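Contents: one structure, followed by commentary.
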Amino acid sequence: MKPLPRSFYSRETAIVARELLGKMLVRLTDHGDIAAKIVEVEAYKGSDDPASHAYRGKTSRNQLMFGKAGFTYIYFIYGNHYCLNVTTETESIPGAVLIRAVEITRGQEIARRNRRVEALKELSNGPGKLTQALNITKAHNGLDLTETKELFICDPEVKESFNTVVTKRVGIKAGREKPWRFYLKDNEFVSRS
DNA sequence: GAGAAGATCTCCT
DNA sequence: GGAGATCTTCTCA
């Protein structure tokens, strides 16, 4: 389980988003490890993307999007939820990929304890759900994903083939026309809208 | 310093 | 299918 290198993330955001599908998100905790396959993502960019936090320039919250690629960008939303993003592009171009849904393949019991639901499908089929299932909070903001620490992303042990679906993003008011949402076809953990 | 909106989830009908 | 929960961050004064 070797983390993906910085060069994977230092590319155009939509390309990174699409290629993150099928990768493994790994969470190491004191109570055990959790591994989850990424099944749904969305790309967010900079000045050409009105839905992005980076659209109106750099602020204290979004500065990670303007920094190096391969770091986490986690923010609190709607008074209840954390959303997990991965930074992309270079230090001069802002960009991030929102991890919207994962399929937990290892550590399911730990994830169940972190959430209050029994159904496996309900554990991680949404951006706010998966952060709760993996116990990801603001404390993990700005983490370097290229190091084997408590949170990183690596290639799957067995590479599966799958079809990728490209659609418009959800849950936003501006920039709805951009085809920057990607998910695995027929995967039941993909969030609906 | 105040007001409004938000990359969502859950419960209720 | 719809509204409430709940609090951080941004914008403007």
Side-chain angles (χ1 to χ4, degrees), chain A residues 9 12-21 23 25 36 38-67 69 71-89 93-104 111-143 145 151 153 164-184 187-193:
Chain A
Y9 302 101
E12 205 277 321
T13 307
I15 293 174
V16 179
R18 180 190 274 265
E19 294 193 11
L20 274 173
L21 291 177
K23 303 291 189 203
L25 179 65
I38 298 172
V39 302
E40 180 184 354
V41 296
E42 282 179 4
Y44 286 87
K45 308 210 213 182
S47 55
D48 60 338
D49 181 6
S52 172
H53 287 171
Y55 183 58
R56 295 176 188 283
K58 197 171 176 178
T59 67
S60 58
R61 175 173 68 161
N62 69 21
Q63 58 180 328
L64 280 157
M65 286 183 72
F66 290 79
F71 284 80
T72 58
Y73 167 44
I74 296 163
Y75 60 87
F76 195 60
I77 191 72
Y78 296 125
N80 277 314
H81 311 287
Y82 293 102
C83 287
L84 171 64
N85 295 252
V86 178
T87 62
T88 61
E89 311 266 0
I93 304 174
V97 176
L98 170 68
I99 312 290
R100 286 191 56 86
V102 299
E103 176 180 347
I104 297 175
R112 273 210 180 87
R113 258 175 271 144
N114 291 335
R115 283 183 42 74
R116 284 164 50 185
V117 294
E118 278 298 312
L120 180 62
K121 190 177 156 186
E122 288 297 319
L123 284 180
S124 56
N125 62 341
K129 295 179 184 179
L130 74 92
T131 52
Q132 191 183 9
L134 301 199
N135 193 24
I136 293 170
T137 68
K138 206 173 170 182
H140 304 99
N141 194 25
L143 222 62
L145 288 166
L151 188 66
I153 298 173
T164 301
V165 180
V166 183
T167 61
K168 297 169 184 175
R169 295 175 294 181
V170 297
I172 54 173
K173 287 185 176 171
R176 280 175 173 161
E177 74 285 357
K178 313 272 193 194
W180 291 340
R181 177 177 182 228
F182 307 92
Y183 63 87
L184 298 190
N187 186 289
E188 61 174 342
F189 291 86
V190 171
S191 70
R192 302 289 177 189
S193 166

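In this text the structure is predicted, and so the values were computed from the model without any measurement. So that the names make sense, note that chain A is the first sequence line, chain B the second, and so on, each numbered from 1.
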Side-chain donor/acceptor of [X] to backbone N/O of [Y], under 3.5 Å:
X      : Y      : answer
A/N125 : A/F189 : no
A/R112 : A/E118 : yes
A/R115 : A/L123 : yes
A/S124 : A/V102 : yes
A/N187 : A/V39  : no
A/T87  : A/F71  : yes

Separation of [X] atom [atom1] from [N] atom [atom2], in whole Å?
X      : N      : atom1 : atom2 : value
A/Y82  : C/dC7  : OH    : P     : 10 Å
A/E177 : B/dA7  : CD    : P     : 15 Å
A/K129 : B/dT8  : NZ    : C1'   : 9 Å
A/N85  : B/dG6  : CG    : P     : 17 Å
A/E122 : B/dT10 : CD    : C1'   : 10 Å
A/N125 : B/dT10 : CG    : C1'   : 12 Å
A/I77  : B/dT8  : CD1   : P     : 7 Å
A/R100 : B/dC9  : CZ    : C1'   : 12 Å

- prompt: Relative to each other, are the rings of A/F76 and A/Y82 parallel, tilted or perpendicular (30° and 60° limits)?
  reply: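 Because their plane-to-plane angle lies in the 30° to 60° range, the rings of A/F76 and A/Y82 count as tilted.
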message: Within the 4.0 Å heavy-atom criterion, would you say A/L98 contacts the bases, only the backbone, or no part of the nucleic acid?
response: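 Counting heavy atoms under 4.0 Å across all strands, the contact made by A/L98 includes a base.
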- request: Assign A/R176 to base, sugar-phosphate, or nothing according to its heavy-atom contacts below 4.0 angstrom with the strands shown.
  value: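 Contact class for A/R176: none.
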- line: Parsed dot-bracket for DNA chain B after applying the Watson-Crick and G-U rules with both distances under 3.5 Å and | for other-strand partners is ||||||.|||||.
- request: Looking only at side-chain atoms of A/H81, point me to the closest of C/dA5, B/dG6, B/dC9.
  value: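 That would be B/dC9.
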- prompt: Between B/dT10, B/dC9, B/dA7, which nucleotide has the shortest distance from any of its atoms to the side chain of A/P127?
  reply: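 The answer is B/dC9, which lies nearest to the side chain.
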message: My understanding is that only one of A/T72, A/L98, A/V41, A/N141 makes a side-chain contact (heavy atoms from CB on, under 4.5 Å) with A/N85; could you say which?
response: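 For A/N85, the side-chain contact (heavy atoms from CB on, under 4.5 Å) check succeeds only for A/L98.
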Sequence neighbours excluded - salt bridge (Lys or Arg N to Asp or Glu O under 4.0 Å) pairs with any residue from residues 49-66 of chain A: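 For residues 49-66 of chain A, and leaving out neighbouring residues, the salt bridge (Lys or Arg N to Asp or Glu O under 4.0 Å) pairs sorted by first residue read A/D49-A/R169.
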- prompt: According to a strict under-4.0 Å criterion, is A/K173 in side-chain N/O contact with OP1 or OP2 of B/dA7?
  reply: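 Indeed not, no polar side-chain atom of A/K173 lies that close.
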task: Look at the side-chain N and O atoms of A/R116 and state whether any lies under 4.0 Å from the OP1 or OP2 oxygen of B/dT10.
output: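 Checking A/R116 against B/dT10: no side-chain N or O falls below 4.0 Å of OP1 or OP2.
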- prompt: Is any N or O donor-acceptor pair between the side chain of A/Y75 and the base of B/dA7 shorter than 3.5 Å?
  reply: yes
message: At under 4.0 Å between heavy atoms, how does the protein contact nucleotides 8-13 of chain C? Give one character per nucleotide, 5' to 3', with B, S or -.
response: SSSS--
task: For the pair A/E12 and A/K45, find out whether any cationic side-chain nitrogen is under 4.0 Å from an anionic carboxylate oxygen.
output: yes
